[in-house]
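Worksheet for the structure shown next.
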Amino acid sequence: MNPSPPPKRPFIQLLLLGFLLVVFPLGSFLYLRAGWNYQLDSWNEIEPLGPITDLVRYSRPDSTIDVVFLAPQTRNDSTALAIREIHRAFDDNPAIRFVALGSPDVFVFDDPSQLARVELPAAELERLSRTTIYTQACASIPLNQRAYVVDGAGQVRRCYNLHRGKEAARLVEQVALLMPRPKTEDVILERKTEL
């Protein structure tokens, strides 16, 4: 006696085929579109506000992205801790530089190679606290909690509140968008030569 073949299951096959042809591509499209919209929203949030020189003058090399903040009072206050976390996120990337305004004697992190310290006289700090430049973007953030992101062209992109964890995380995301992309080399396919 020959064993009879198992019954075919066309319904399960049609269901799997429908998943592969409809549900999977549609889900992929919606997922990718949500990511694209999120990135577009990020770019809209970091439209240039104006040059950093309108706010504070310091010497800066071209093409670095600067995170400018008021120097913390102590090494362990909340601003210093937030800056240390942001620094750790970029893992000593030479394209990122941190600029502490004010007190030159407080080191925010152990390796100060990425830290530029700009001494500001008390009168300059007073002017900075009362300035109306970028008021719309920064008015609700106290000066000692504020961080400015400056792009490679010297334009302030946005103000962030370092005491809010979500804004510090957003700073990291948006600086990553501004970072220069390494050039990718074209793939060259070479035929193997016959021996």
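Sequential numbering from 1 along the given sequence is applied to the chain's residues.
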What verdict does the side chain to side chain contact (heavy atoms under 4.5 Å, CB included) test give for Ile86 and Val175, after you've listed the backbone C-alpha separation in whole Å, the side-chain angles of each residue and the deciding distance to 0.1 Å?
CA-CA 10 Å; Ile86 293 167; Val175 166; over 6 Å; no
Co-membership, hydrophobic cluster, residues Leu21 and Val23, 4.5 Å side-chain:
no
Main chain of [Y], side chain of [X]: is a donor-acceptor contact present, judged purely on distance under 3.5 Å?
X      : Y      : result
Arg84  : Arg88  : no
Arg146 : Ile141 : yes
Gln145 : Asn161 : no

Looking only at heavy atoms, which two atoms of [X] and [Y] are closest? And how far apart?
X      : Y      : answer
Leu162 : Phe69  : CD1-CB, 4.2 Å
Thr79  : Asn144 : OG1-O, 3.1 Å
His163 : Ser78  : CE1-OG, 2.7 Å
Ala71  : Ala100 : CB-CB, 4.0 Å
Val67  : Ala147 : CG1-CB, 4.4 Å
Ile65  : Gly152 : CG1-N, 4.4 Å

Quick one: [atom1] on [X] to [atom2] on [Y], what's the gap to the nearest 0.5 Å?
X      : Y      : atom1 : atom2 : result
Leu17  : Ile12  : CG    : CD1   : 13.5 Å
Trp36  : Asp41  : CH2   : CG    : 11.5 Å
Phe90  : Ile96  : CZ    : CD1   : 5.0 Å
Leu177 : Asp151 : CG    : CG    : 12.5 Å
Glu173 : Glu167 : CD    : CD    : 12.0 Å

Looking only at side-chain N and O atoms, does Arg157 offer a donor or acceptor that is under 3.5 Å from a partner on Gln174?
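The criterion, which ignores hydrogens and geometry beyond distance, is not satisfied for Arg157 and Gln174.
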Verify whether one side chain among Tyr58 and Glu119 offers a donor that lies under 3.5 Å from an acceptor in the other.
no
Do the charged groups of Glu45 and Arg170 touch, with an N to O distance under 4.0 Å?
yes
For the pair Phe24 and Phe19, name the ring-plane relationship: parallel under 30°, tilted 30 to 60°, perpendicular over 60°.
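Plane angle between 30° and 60°, so tilted.
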Is there a side-chain contact between [X] and [Y] (heavy atoms, below 4.5 Å)?
X      : Y     : value
Ile52  : Asp66 : no
Thr64  : Arg97 : yes
Phe98  : Val68 : no
Val150 : Arg60 : yes

Show your reasoning for whether side chain to side chain contact (heavy atoms under 4.5 Å, CB included) applies to Val149 and Val156.
CA-CA 6 Å; Val149 168; Val156 174; over 6 Å; no
Ser42 and Asn44: side chain to side chain donor-acceptor pair (under 3.5 Å), yes or no, with the steps?
CA-CA 5 Å; Ser42 291; Asn44 289 336; over 6 Å; no
